[in-house]
Amino acid sequence: MATLFQGVGAVTPFSASSSLDSNKLLLPSRKSLSISDSRGSIFVYRSDALNLKAATRLQLSPGHQKRSPSEDLLLHQSRGSFGAFGLYLHCLRIAYPWHELLLFEALREGLEEEMERDPRVCVMGEDVGHYGGSYKVTKGLAEKYGDLRVLDTPIAENSFTGMGIGAAMTGLRPIVEGMNMGFLLLAFNQISNNCGMLHYTSGGQFTIPIVIRGPGGVGRQLGAEHSQRLESYFQSIPGIQMVACSTPYNAKGLMKAAIRSENPVILFEHVLLYNLKERIPDEEYVLSLEEAEMVRPGEHITILTYSRMRYHVMQAAKTLVNKGYDPEVIDIRSLKPFDLYTIGCSVKKTHRVLIVEECMRTGGIGASLTAAITENFHDYLDAPIVCLSSQDVPTPYAGTLEEWTVVQPAQIVSAVEQLCQ
Amino acid sequence: MALSRIASSSHASNLLKPLSTALSIRRLISSDSTVPLTIETSLPFISHKCDAPPRAVDTSASELFSFFRDMATMRRMEIAADSLYKAKLIRGFCHLYDGQEAVAIGMEAAITKKDAIITAYRDHCTFIGRGGTLLEVFGELMGRICGGSKGKGGSMHFYRKQTNFFGGHGIVGAQIPLGCGLAFAQRYSKEENVTFTLYGDGAANQGQLFEALNMAALWDLPAILVCENNHYGMGTAEWRAAKNPAYYKRGDYVPGLKVDGMDVLAVKQACKFAKENALKNGPLILEMDTYRYHGHSMSDPGSTYRTRDEISGVRQERDPIERVRKLLLAHDIASEKELKDIEKQVRKDVDDAIAKAKECPMPDPSELFTNVYVKGLGVESFGADRKEVRATLP
């Protein structure tokens, strides 16, 4: 049942000439249909160059190694109006130039564009310079911008995070990379006391336009210490903003928005999502840091999720749709503050909420979100909010055990069935 | 001059003033003269992996005079803060700097306002040195809106962006990596300025210090780490906390200098030397051998871990203000009376500032939510260009 994501690039050949290939599956997000609003925010998800039936078959067979994670986003079948709509999107796609890349490349593109645009933007972290970044996010940047702008730091998270904050106080815009989010626990004092609070305690004199980013979440048998979800620990710190990216499109947009923001932003990436492939627009775009993303509009139930769980939810959505349910899936993206506007509109429509997250049960993002929704939208709820989160255990090494610490699509399906009774 | 000494009452002195000026022996140096003076520091510098600067310090009469006035202001301010704390007008933590004034003043004399200073929580006097006013200090200490951080920071959070004073930090040692970040930014922007990162002997045992030192030395950052060694880390003496209390040597590959922190001229010389050195060779450690008369904070009497004899002994022999007073008198720059007048004036200034700060209002409750985020409260959803507000989240 574990969905093992692997690099699509390594898996299937992508034929560049097949731009009009009818096998291509085009999956728009409803919100993006208004072109005037979000230019080029139409998502295009690529199949494994197989036909739909084959793709469906692949999806339901567990343990299939070489599969594109983007297949989990197939829901066109339920939509019915695919044919005409697909043609419409084909036309749009021709009108708007796109290029395809992996999530870490999208992050790098966003980073590079911002470094080009503003000479104050600099990167610091372990192995970001000459090595190119442990997840290749900063590959090639040190050669281009020099060692001072893409700084290889010693393994001293507390002090290089502090250094980044000190530099930010003077007006530089550093991006501090934690090789794994878990290591940033060592820098917690700097992040909490200095990063979050300096703007307040100095009476507004200093701004800290720093971006702290890194991969977190449960990976592939990485062990307990390297599978931590730090969103829950950081969420109470006043003064910081937290966002979690999940697709190459929003990774690039959020990276750019985070760099341009005057507030300290923590950008949570996920270890398993770095090799997601997607087509993103060629033109420059910046996303909003405080907005949630409507992944799949629906009527019966609101499913709130973020980061990797988005894909589990979409996979479960496929099953749910076959069973006749119509879930509305929202990728909350902004973990602090919550986009209660989008969430509220959704709750008012569906009256049922399911939160699916990878955070721990106790004190996690889901717990806060549950509280926030209950406080604000209590009257609109027909059923208690159900929150599916990871088990409150250190992530075990054994593969089967690790699967069970994280929420799986089958659990999501049964939770929805129970809620919608 | 002799006549003016006899006249002790102010009324009498007013009468005698014109007489005394007529009859007085013309002073060798007047108090506002900028004629250079060279004075030797009382103790030699002890160096580690570098050449010690010369003991002869270039100064001038006006500079010495300003030292006296500024240090007297700082001393008076700290004593006044003591009484305000006991009167419960200042709450929470209050860490007083009296005894250590020479470090703040000497450092200011050697550098410009473009150089950055960052220190820990014993920051009232450093803030004054960087151009803060007495009103801002007392306003902040009493939590009023006229305070330096609008009453939201408190004793441990004084900042002054325009003169590059970066605070004011409550967590021991956390300011050291920040200081290296400031130095990094200076190197990044290719400014010819340095950063003085102050910490205490207690913080000298923190790992972050060595991490930051390693990075500063690796990248030749213009960071000068100044250990204000007042020999007690909170309530623990340095010999009980540090295996090697020679803090200037603990940088290992980083050159260090041990300075008599109670001698303002020695501090000035050392800081000048450090600035020149840091711009060329990278980081440096300065250990200022100083002393605080008060306890660690106002909740610490300061006498449980050291004897009163020790405190009074230091006050008699090494007090920074007394030292400058003796210099001023010895070089005939000012008279005893003038110095006393200055102290009276300082006392008046401090009292005025306190009175004014007391009248200042407390911050409005709406101020609770300002300055948490830079734009709005973080509960507004902005468009992609981050300029227009799309929705206000409930």
Side-chain angles (χ1 to χ4, degrees), chain A residues 38 120 122 124 148-149 151 153-154 156 158-172 174 189-190 193-194 197-209 238-241 253 257 260-263 285-291 334 336-342 344 376, chain B residues 116 118 147-154 156-157 159-162 164 166-171 174-189 195 207-209 211-212 214-215 218-219 370-375 377-386 390-394:
Chain A
S38 41
R120 295 172 303 171
C122 56
M124 45 182 83
L148 198 64
R149 267 188 100 178
L151 191 65
T153 61
N158 192 6
S159 23
F160 72 70
T161 310
M163 239 183 72
I165 297 167
M169 279 168 94
T170 64
L172 285 193
N189 175 46
Q190 296 290 349
N193 287 326
N194 293 330
M197 298 193 195
L198 269 173
H199 185 63
Y200 191 83
T201 56
S202 66
Q205 286 180 68
F206 296 113
T207 61
I208 319 285
I240 57 160
Q241 281 190 261
R260 292 190 195 188
S261 168
E262 291 297 320
N263 292 314
Y285 67 93
V286 180
L287 293 175
S288 172
L289 282 177
E290 296 99 0
E291 274 185 359
S334 167
K336 186 180 167 88
F338 292 128
D339 181 4
L340 289 174
Y341 182 72
T342 310
N376 288 297
Chain B
I118 188 168
S149 303
K150 304 197 190 120
K152 298 207 284 199
M156 298 187 283
H157 297 286
Y159 306 90
R160 201 175 166 83
K161 187 171 183 186
Q162 56 270 51
N164 291 309
F166 291 89
H169 297 274
I171 305 294
Q175 78 277 11
I176 303 172
L178 288 185
C180 283
L182 299 173
F184 175 79
Q186 284 169 337
R187 176 140 182 268
Y188 190 97
S189 321
T195 302
Q208 353 184 22
L209 165 64
E211 290 177 15
N214 176 42
M215 290 197 282
L218 198 57
W219 301 317
T370 56
N371 296 135
V372 180
Y373 293 101
V374 174
K375 219 176 192 177
L377 308 174
V379 294
E380 290 167 324
S381 172
F382 290 93
D385 59 359
R386 308 200 57 69
R390 289 254 211 94
T392 310
L393 312 173

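To find a chain, count down the sequence lines: A is the first, B the second, and so on, and within it residues start at 1.
Between Phe184(B) and Tyr188(B), the two ring planes are tilted [angle within 30° to 60°]. Classification of the Tyr159(B)-Phe206(A) ring pair by plane angle, with boundaries at 30° and 60°, yields perpendicular.
The most heavy-atom pairs under 4.5 Å with chain A, out of Leu182(B), Leu218(B), Asn214(B), come from Leu182(B). With chain B as the partner, the residue from Leu151(A), Leu198(A), Ile208(A) showing the most heavy-atom pairs under 4.5 Å is Leu151(A). Options Leu148(A), Asn193(A), Thr170(A) differ in how many heavy-atom pairs under 4.5 Å they form with chain B, and the most are formed by Leu148(A). Per-residue counts of heavy-atom pairs under 4.5 Å with chain B were compared for Ala156(A), Gly239(A), Gly253(A); the largest is that of Gly239(A).
The contact between Met124(A) and chain B is made entirely by side chain atoms (from C-beta outward), counting heavy-atom distances below 4.5 Å. Contacts between Leu172(A) and chain B at a heavy-atom distance below 4.5 Å involve the side chain alone, from C-beta outward. With a threshold of 4.5 angstrom between heavy atoms, Ser334(A) does not approach chain B through any atom at all. For chain B, the nearby part of Gln190(A) is the side chain; its heavy atoms alone come within less than 4.5 Å.
Rounding to the nearest 0.5 angstrom, the gap separating the CD atom in Gln205(A) from the CE atom in Met169(A) is 9.0 Å. The structure places OG1 of Thr201(A) at 8.0 Å from NE2 of His169(B), a figure rounded to the nearest 0.5 Å.
Of the N and O atoms on the side chains of Lys152(B) and Thr370(B), at least one donor lies less than 3.5 Å from an acceptor on the other residue.
Qualifying salt bridge (charged side-chain N to carboxylate O under 4.0 Å, His left out) partners for Arg149(A), counting only residues two or more places apart in sequence or in other chains: none.
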